[in-house]
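These notes are about the structure you will find just below.
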Amino acid sequence: MLFRSYLITGSFFEAMHSEEEFIPNIKLDLELDKQVNFLSLKFQFIGTITTICYRCADPIEIPIEINENLYFNISDSEKSNEDEDVLYLSTSDYEIDISQFVYEFIMVSIPMKRVHLSDSEGNSRCNSETIKLLEKNKPKSIDPRWEVLNKLKNEN
């Protein structure tokens with residue numbers, strides 16, 4: 001069994017040509033278990049990603065905690081990927097590029113809606129001045145096209 005730790009930083013996402021704008025500070029603990037015809041990789045990610053709140057545009061720190069496994073069957077026979085949890089490697093392969101897996105594991109764990117969570121009393125942690133400004137500039141009347149949809153929403 002082999003164990004390694006890595007620090008995932010912004011340079012990793014630049015190398016992956018990510019269009020996301022955030023500052024990652026994530027520790028990856030990777031455990032490799034190699035058997036005769038089988039390889040197991042266990043990923044444990046712990047850290048944070050700092051990005052911009054979609055509501056108030058202030059910095060927001062999103063905790064990242066991921067545990068994932070990858071399994072590889074080592075064989076020269078052509079197999080169809082019937083089991084999508086098991087990947088296949090040739091016996092002549094001597095290295096595996098896991099960067100795409102690492103990138104996808106992290107990206108899937110980041111919420112689509114990146115906003116400050118509410119506190120224990122239900123109050124928003126967003127910048128109150130920005131929220132007041134948004135409320136002040138909110139349109140007073142609703143577009144008539146949306147009123148029909150709101151009626152349907154309220155009926156159900």
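These numbers were taken from a predicted model, which means no experiment stands behind them.
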[Y] and [X], any side-chain heavy atoms less than 4.5 Å apart:
| X | Y | answer |
| --- | --- | --- |
| Leu28 | Phe12 | no |
| Leu39 | Ile96 | yes |
| Leu30 | Phe3 | no |
| Glu20 | Ser18 | yes |
| Cys53 | Pro59 | no |

- [ ] Please step through side-chain hydrogen bond (donor to acceptor under 3.5 Å, both in side chains) for the pair Asn37 and Gln35, ending with a clear verdict.
- [x] CA-CA 6 Å; Asn37 292 323; Gln35 306 297 321; over 6 Å; no
Open item on the list: Could you walk me through whether Gln44 and Glu68 satisfy the side-chain contact (heavy atoms from CB on, under 4.5 Å) test, starting with their C-alpha distance in whole Å, then the side-chain angles of each, then the deciding distance to 0.1 Å, before giving a yes or no?
Closed with: CA-CA 7 Å; Gln44 182 181 29; Glu68 289 288 342; over 6 Å; no
To the nearest 0.5 Å, what is the distance between [atom1] on [X] and [atom2] on [Y]?
| X | Y | atom1 | atom2 | value |
| --- | --- | --- | --- | --- |
| Ile106 | Ile66 | CD1 | CD1 | 6.0 Å |
| Ser124 | His116 | OG | NE2 | 8.0 Å |
| Tyr94 | Leu89 | OH | CG | 13.0 Å |
| Arg55 | Ile60 | CZ | CD1 | 9.0 Å |
| Ser128 | Leu133 | OG | CG | 11.5 Å |
| Ser40 | Asn69 | OG | CG | 6.0 Å |

- [ ] Report the C-alpha distance between Phe72 and Leu41 in whole Å, list the side-chain angles of each, state the deciding distance to 0.1 Å, and finish with yes or no for side-chain contact (heavy atoms from CB on, under 4.5 Å).
- [x] CA-CA 8 Å; Phe72 295 89; Leu41 289 172; 3.6 Å; yes
Task: Pair Ser75-Asn73, side-chain donor/acceptor within less than 3.5 Å - done: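 Side-chain D/A pair, Ser75 to Asn73: absent.
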Over all atoms of both residues, closest heavy-atom pair of [X] and [Y]:
| X | Y | result |
| --- | --- | --- |
| Phe43 | Val102 | CE2-CG2, 4.0 Å |
| Ala57 | Ile52 | CA-CG2, 3.4 Å |
| Ser90 | Ile74 | O-CG2, 4.2 Å |
| Tyr54 | Met112 | CE1-O, 3.4 Å |
| Pro24 | Gly10 | CG-N, 3.6 Å |
| Thr48 | Ile26 | O-CG1, 3.7 Å |

TODO: Walk me through it: do Phe13 and Tyr103 pass the test ring-ring contact (aromatic ring centres under 6.0 Å, His included)?
DONE: CA-CA 8 Å; Phe13 287 92; Tyr103 178 77; 5.8 Å; yes
Open item on the list: Run Thr51 and Ile62 through side-chain contact (heavy atoms from CB on, under 4.5 Å) and show every step you take.
Closed with: CA-CA 8 Å; Thr51 187; Ile62 300 171; 3.8 Å; yes
Is there a chain of hydrophobic side chains (I, L, V, M, F, W, Y, each step under 4.5 Å between heavy atoms) that links [X] to [Y]?
| X | Y | result |
| --- | --- | --- |
| Ile23 | Ile49 | no |
| Phe22 | Leu7 | no |
| Phe45 | Leu2 | yes |

Open item on the list: As a test of understanding, state which of Asn25, Ile110, Ile46, Ile8 forms a side chain to side chain contact (heavy atoms under 4.5 Å, CB included) with Ile64.
Closed with: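 Output: one option passes, namely Ile110.
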TODO: Would you list the pairs meeting salt bridge (charged side-chain N to carboxylate O under 4.0 Å, His left out) in which at least one residue belongs to residues 116-136, sequence neighbours left out?
DONE: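 Applying salt bridge (charged side-chain N to carboxylate O under 4.0 Å, His left out) to every pair that reaches into residues 116-136, excluding sequence neighbours, yields nothing.
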Task: Carboxylate-amine/guanidinium contact Arg114 Glu61, below 4.0 Å - done: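 Salt bridge between Arg114 and Glu61, a charged N being under 4.0 Å from a carboxylate O: no.
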